[in-house]
Peer 1: 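First, the structure itself, so that you have it in front of you.
Just so you know, these numbers use all the heavy atoms, side chains as well, and skip hydrogens, waters and symmetry mates.
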Amino acid sequence: MKLAGVGIWSSQLRYGDFVESAEAAAELEELGYSALWIPDVGGKVFDAVENLLHATERVVVATGILNLWMHEPADVARSYHECVAEYGDRLILGIGVSHAPLVDAGEPGRYKKPLAATQAYLDALDATEQPVPVQARVLAALGPKMLHLSATRANGSHPYLVTPAFTAQARAALGDGPLLLPEQTAILTTDADEARAIGTEWLRNYLLLPNYANNLLRSGFAREDLDSVSDRLFDAMIVWGDEETILRRVHEHVEAGADHVCLQVLDSDPQTYPREQWRRIAAALKQ
């Protein structure tokens, strides 16, 4: 499966009211977004996937990411094929190891050897009666070994919380063939104080997760950038401004080698579907 253009990454589409999520998904498809990405920290993720597929006709639905510690491979393969049989070939499984603090919260010590765990999970998917096709899966990858696995055992990578500079590094690691589908967080405001009021605590929570923190340290940020959520770090991770500013960052990812960019739009109320912002960005994309 190929994927291009701009998509929407949204926790509301995953965890919000199913009726409202379906209505939002149908509108996002009509607005021209090419994919809808939803997170997963366990639970009935395929119920949410099917809700979005049922509400739409063309748009790709993708998990970003399906937490491999929380779903049995046989169940995933069965659910994948049921969705494809019902709604066509427009489901991408983004698969990943998540983060030790989240995985170990319910079972201390469960999170270990993430690369080997991912390899074993892919082996198990391949061994099911109806395997998930390699072309239908991408991996959450930040480090070089996981990026290599994304190129050899999947159809590419879905990196989260990254810069265009990282996208360029990932493209070099993946080579020309595999998909590169980075997430980019955005806040549609030209007021710096408002942007930081919306985004600082959101970003701080992610910086507590070692995988993201270590990747940012490898990328040239200092520990004090992370500890203080410095303006330098904030502006690198979250693009804020008008529609033109947001789309400029999207184009930076594309110029760096991204096939598709999924925008996560933050609002002052994290429970609210930012539908007006989605509409304004979609209108700008069509200009």
Peer 1: How close do A55 and A26 get, counting heavy atoms only, and between which atoms?
Peer 2: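 Scanning both residues completely, I find the closest heavy atoms to be O-CB, 3.6 Å.
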
Peer 1: With a 4.5 Å limit on heavy-atom distance, are the side chains of R78 and Q130 in contact?
Peer 2: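 A side-chain contact under 4.5 Å is absent here.
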
Peer 1: Can you name the closest pair of heavy atoms from A282 and Y33 and give their distance?
Peer 2: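 So the two residues come closest at N-OH, 3.2 Å.
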
Peer 1: Inspect the surroundings of NE2 in H81 and state if more than 12 heavy atoms from other residues, nucleotides or ligands are less than 6.0 Å away.
Peer 2: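 Counting other residues, nucleotides and ligands, NE2 of H81 exceeds 12 neighbours.
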
Peer 1: Side chains of L180 and P159: closer than 4.5 Å at any heavy-atom pair?
Peer 2: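 Yes. Closest side-chain heavy atoms under 4.5 Å.
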
Peer 1: Assess whether side-chain contact (heavy atoms from CB on, under 4.5 Å) is satisfied between E50 and F18, documenting all intermediate values.
Peer 2: CA-CA 10 Å; E50 187 168 5; F18 263 32; over 6 Å; no

Peer 1: If you take all heavy atoms of L266 and G199, which pair is closest and at what distance?
Peer 2: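 The pair with the smallest heavy-atom distance is CD1-CA, 4.3 Å.
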
Peer 1: Going by heavy atoms in the side chains, are R14 and S21 under 4.5 Å from each other?
Peer 2: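 R14 does not reach S21 side chain to side chain.
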
Peer 1: Before you tell me yes or no, could you show the steps for W240 and D191 under side-chain hydrogen bond (donor to acceptor under 3.5 Å, both in side chains), namely the whole-Å CA-CA distance, both residues' side-chain angles and the distance that decides it to 0.1 Å?
Peer 2: CA-CA 8 Å; W240 58 272; D191 186 313; over 6 Å; no

Peer 1: Partners of D126 by side chain to side chain donor-acceptor pair (under 3.5 Å), sequence neighbours excluded?
Peer 2: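 Result, side chain to side chain donor-acceptor pair (under 3.5 Å) vs D126: R137, R153.
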
Peer 1: Sorted by first residue and then second, give each ring-ring contact (aromatic ring centres under 6.0 Å, His included) pair with at least one member in residues 82-109; sequence neighbours left out.
Peer 2: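 Checked against ring-ring contact (aromatic ring centres under 6.0 Å, His included) - neighbours excluded - the pairs reaching residues 82-109 are H99-Y212.
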
Peer 1: Residues two or more places apart in sequence or in another chain: which of them pass side-chain contact (heavy atoms from CB on, under 4.5 Å) with E29?
Peer 2: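 side-chain contact (heavy atoms from CB on, under 4.5 Å) list for E29, sorted by chain: T56, E57, R58, V59.
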
Peer 1: Side chains of P101 and L209: does their closest heavy-atom pair fall under 4.5 Å?
Peer 2: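 They are in contact (side-chain heavy atoms under 4.5 Å apart), so the answer is yes.
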
Peer 1: Among T167, L149, V138, L174, exactly one meets side-chain contact (heavy atoms from CB on, under 4.5 Å) together with S157. Which residue is that?
Peer 2: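 Of the listed residues T167, L149, V138, L174, the side-chain contact (heavy atoms from CB on, under 4.5 Å) partner of S157 is L174.
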
Peer 1: Any side-chain to backbone donor/acceptor pair from H260 onto L3? Under 3.5 Å, distance only.
Peer 2: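 Absent.
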
Peer 1: Test V61 against I92 for side-chain contact (heavy atoms from CB on, under 4.5 Å), laying out the working first.
Peer 2: CA-CA 6 Å; V61 174; I92 290 179; over 6 Å; no

Peer 1: Rounded to the nearest 0.5 Å, what separates atom NZ in K145 from atom CG in L115?
Peer 2: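 Between K145 NZ and L115 CG, I get 7.0 Å after rounding to 0.5 Å.
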
Peer 1: Distance check, rounded to the nearest 0.5 Å: D17 atom CG versus N51 atom CG?
Peer 2: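 Interatomic distance, D17 CG to N51 CG, rounded to 0.5 Å: 9.0 Å.
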
Peer 1: Nearest 0.5 angstrom please: H148 NE2 to L139 CG, how far?
Peer 2: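 Those atoms lie 11.5 Å apart.
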
Peer 1: Quick one: does any side-chain atom of Q12 pair with a main-chain N or O of P270 as donor and acceptor, under 3.5 Å?
Peer 2: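 It does hold such a pair.
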
Peer 1: Looking at every non-hydrogen atom in both residues, tell me the closest pair between R275 and E27 and how far apart they are.
Peer 2: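 Closest approach of R275 to E27: NH2-OE1, 2.8 Å.
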
Peer 1: Going only through I, L, V, M, F, W and Y residues with side-chain contacts under 4.5 Å, is there a path from I8 to L66?
Peer 2: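 Cluster IDs for I8 and L66 match.
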
Peer 1: Taking C-beta and beyond as the side chain, do W9 and P39 meet within less than 4.5 Å on heavy atoms?
Peer 2: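 Yes. Closest side-chain heavy atoms under 4.5 Å.
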
Peer 1: Once you round to the nearest 0.5 Å, how far does CG of L207 lie from CG of D227?
Peer 2: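 One gets 9.0 Å once the value is rounded to the nearest 0.5 Å.
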
Peer 1: Transitively linked via ILVMFWY side-chain contacts under 4.5 Å: M1 with V6?
Peer 2: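 Looking at the clustering, V6 is in a separate group from M1.
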
Peer 1: Below 4.5 Å, heavy atoms only, C-beta onward: do P164 and R249 meet side chain to side chain?
Peer 2: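 Side-chain contact under 4.5 Å: yes.
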
Peer 1: Before you tell me yes or no, could you show the steps for D231 and R196 under side-chain contact (heavy atoms from CB on, under 4.5 Å), namely the whole-Å CA-CA distance, both residues' side-chain angles and the distance that decides it to 0.1 Å?
Peer 2: CA-CA 9 Å; D231 288 350; R196 281 165 172 72; 2.9 Å; yes

Peer 1: State plainly whether the residues K2 and D259 are in salt-bridge range, i.e. N to O under 4.0 Å.
Peer 2: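 Looking at D259 together with K2, the answer is no, because their closest N to O distance does not fall below 4.0 Å.
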
Peer 1: Is there any ring-ring contact (aromatic ring centres under 6.0 Å, His included) pair reaching into residues 44-79, and which pairs are they, with sequence neighbours excluded?
Peer 2: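 As it turns out, the ring-ring contact (aromatic ring centres under 6.0 Å, His included) pairs with a partner in residues 44-79, which skip direct neighbours, are W69-Y111.
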
Peer 1: Determine whether more than 12 heavy atoms belonging to other residues, nucleotides or ligands lie under 6.0 Å from atom CD of E276.
Peer 2: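 Yes, the 6.0 Å shell around CD holds more than 12 heavy atoms from other groups.
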
Peer 1: Just by distance, do the side chain of N215 and the backbone of N211 share a donor-acceptor pair under 3.5 Å?
Peer 2: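 No; zero donor-acceptor contacts below 3.5 Å.
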
Peer 1: Any heavy-atom pair between the side chains of L36 and L28 that's under 4.5 Å?
Peer 2: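 L28 reaches L36 side chain to side chain.
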
Peer 1: Decide whether D242 and T190 meet the rule of one side-chain donor and one side-chain acceptor closer than 3.5 Å.
Peer 2: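 Short answer, no.
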
Peer 1: Do W37 and L142 sit in the same hydrophobic cluster, where Ile, Leu, Val, Met, Phe, Trp and Tyr count as joined when their side-chain heavy atoms come under 4.5 Å apart?
Peer 2: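 In one cluster with W37: L142, yes.
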
Peer 1: Mind checking the CZ-CG spacing from R280 to L285? Nearest 0.5 Å is all I need.
Peer 2: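 That separation rounds to 13.0 Å.
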
Peer 1: Please answer whether the main-chain N or O of T118 pairs with a side-chain N or O of K113 as donor and acceptor at a distance below 3.5 Å.
Peer 2: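 Checked: no pair found.
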
Peer 1: Kindly work out whether a path of hydrophobic side-chain contacts (I/L/V/M/F/W/Y, heavy atoms less than 4.5 Å apart) joins L68 to Y80.
Peer 2: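 Yes, same cluster.
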
Peer 1: Not counting sequence neighbours, which residues clear side chain to side chain donor-acceptor pair (under 3.5 Å) with D269? List them please.
Peer 2: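 Once residues adjacent in sequence are excluded, the partners of D269 under the side chain to side chain donor-acceptor pair (under 3.5 Å) criterion are T272.
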
Peer 1: Looking at R223 and L217, what are the two nearest heavy atoms and their distance?
Peer 2: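 It is NH2-CD1, 3.4 Å.
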
Peer 1: Count the heavy atoms of every other residue, nucleotide or ligand shown that sit under 6.0 Å from CD of Q119, and state whether that count exceeds 12.
Peer 2: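 Atom CD in Q119 is packed in, count exceeds 12.
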
Peer 1: Once you round to the nearest 0.5 Å, how far does CG of L233 lie from CG of D235?
Peer 2: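 Between L233 CG and D235 CG, I get 9.0 Å after rounding to 0.5 Å.
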
Peer 1: Which pairs count as ring-ring contact (aromatic ring centres under 6.0 Å, His included) when at least one residue sits in residues 264-287, sequence neighbours excluded?
Peer 2: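 Sorted result for residues 264-287: empty, none.
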
Peer 1: Using atom types as modelled and distance alone, determine if a side-chain donor or acceptor of R90 lies under 3.5 Å from a backbone N or O of V60.
Peer 2: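 Side chain of R90 to backbone of V60, a donor-acceptor pair under 3.5 Å: no, none is there.
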
Peer 1: I need the minimum non-hydrogen distance between D225 and R232, along with the two atoms involved.
Peer 2: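 The pair with the smallest heavy-atom distance is OD2-NH1, 2.8 Å.
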
Peer 1: Any carboxylate oxygen within less than 4.0 angstrom of a Lys/Arg side-chain nitrogen, looking at E244 and R248?
Peer 2: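 Counted as a salt bridge, because a side-chain N and a carboxylate O are separated by less than 4.0 Å.
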
Peer 1: Should D40 and I65 count as side-chain neighbours, where that means a heavy-atom distance under 4.5 Å?
Peer 2: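 The answer is no, as the side chains (C-beta and beyond) never meet within the 4.5 Å cut-off.
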
Peer 1: List the steps and the verdict of side-chain contact (heavy atoms from CB on, under 4.5 Å) for V265 and I187.
Peer 2: CA-CA 6 Å; V265 181; I187 302 173; over 6 Å; no

Peer 1: Do H253 and Q184 get their side chains close enough for a donor-acceptor pair, meaning under 3.5 Å?
Peer 2: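 Yes, a side-chain donor-acceptor pair sits under 3.5 Å.
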
Peer 1: With hydrophobic residues grouped by side-chain heavy-atom distances under 4.5 Å, do L125 and M146 end up in a single group?
Peer 2: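 Yes; tracing contacts between hydrophobic side chains, which count when under 4.5 Å, links both residues.
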
